[in-house]
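Start at 1 and go down the list; that is how both ligands and their atoms are numbered.
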Amino acid sequence: MKITMFESYEEMSQQAAERVAAHIAEHPDTLLCFAAGETPMGMFRILAAMQEDGRIDLSQARFAGLDEWVGLGPNDTGSCIQVMHDAFYRPANIPLEHIHVFDGLAADLTEECQKMENWITACGGIGMTVLGIGMNGHIGFNEPDVPVQNGCIVCDLDDTTKAVSIKYFGQPLPVRQGISIGLGSLIQAREVVLLANGARKSEIVHATVHGPVSNRVPSTLFRDHLCTTLLLDREAAIQIQKE
Ligand code: GLP
């Protein structure tokens with residue numbers, strides 16, 4: 001894993017967008033998998049602007065939604081699908097038929113997992129994924145201690161994730177599970193970008209870089225992956241710089 005630090009969130013986001021642009025230039029019909037959450041919002045703004053003025057051409061790319069809260073759908077504020085449509089798919093004019101996401105409202109979650117796995121296979125695997133590191137080191141909804149497996153998973157949410165979830169919904173919601181592309185499939189992506197910004201992430205960034213490699217902290221599993229780059233702003237890097 002390569003680690004690069006930037007002075008500001010904006011510079012980190014710019015670098016993430018430029019990496020996506022470089023990947024698209026080489027593989028125009030790639031499958032991209034972007035996390036929702038607050039971390040990639042700057043990258044989404046920059047990518048939408050690049051698409052608008054022709055610096056990137058996302059018209060042939062395909063998209064796989066990384067994860068979803070079980071029980072939430074597109075009409076629920078803070079659902080991953082709503083966040084992704086508002087922040088990226090719509091502003092970047094991505095055709096709906098190029099996007100496959102989990103339906104958090106589906107009665108049969110095993111079937112949802114299968115449908116996502118079929119989409120990933122049909123697209124030739126994940127070309128590039130841009131992931132946010134959760135406060136507990138989760139990746140998507142691969143929570144601490146999740147089995148490292150290919151395909152997709154339904155995972156019980158960790159207490160930290162339940163507590164943090166209020167920031168997305170604006171109110172406490174009784175979320176208990178998440179559905180996510182699994183760590184095995186993400187690690188197999190041709191290119192992985194991990195993002196973290198802000199002082200509140202500095203502790204988990206330190207654990208990601210220096211702690212034991214273990215599914216106790218899912219983000220550590222990317223450390224030995226040669227095609228992974230960790231992009232940080234100055235505040236998120238504070239603790240690793242003390243080493
Ligand atoms: C959320 C989502 C992830 C996201 C991560 C970090 O719960 N399940 O997809 O990447 O946690 O979120 P944030 O960027 O808001 O800190």
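Nearest heavy-atom pair, E112 versus D103, reported as atom, atom and distance to 0.1 Å: OE1-N, 2.8 Å. The heavy-atom pair separating Q177 from D156 by the smallest distance is NE2-OD1, 3.1 Å.
Listed by atom number, the atoms of ligand 1 under 4.0 Å from D67 heavy atoms are 2 (C), 3 (C), 8 (N), 9 (O). In the vicinity of G37, heavy-atom distances shorter than 4.0 Å reach the ligand 1 atoms 14 (O), 15 (O). Here is the list of ligand 1 atoms found below 4.0 Å of a heavy atom in G132: 10 (O). Which parts of ligand 1 touch G140 is read off a 4.0 Å heavy-atom cut-off, strictly below it: atoms 3 (C), 8 (N), 9 (O). Numbered from 1 in the order shown, with element, the atoms of ligand 1 that lie under 4.0 Å from a heavy atom of Y168 read 1 (C), 7 (O), 11 (O), 12 (O), 13 (P), 15 (O).
Residue contacts with ligand 1 include K201, since one or more of its heavy atoms lies under 4.0 Å from the ligand.
For H210, the ring-ring contact (aromatic ring centres under 6.0 Å, His included) partners two or more places apart in sequence, or in a different chain, are H206.
Each of L66, L230, L195 was evaluated against L131; a single residue qualifies, L66, per the side-chain contact (heavy atoms from CB on, under 4.5 Å) test.
Not one N or O of T161 is nearer than 3.5 Å to an N or O of ligand 1, by distance alone.
Between F222 and H225, the ring planes are perpendicular. Angles over 60° get that label, and only those under 30° would be called parallel.
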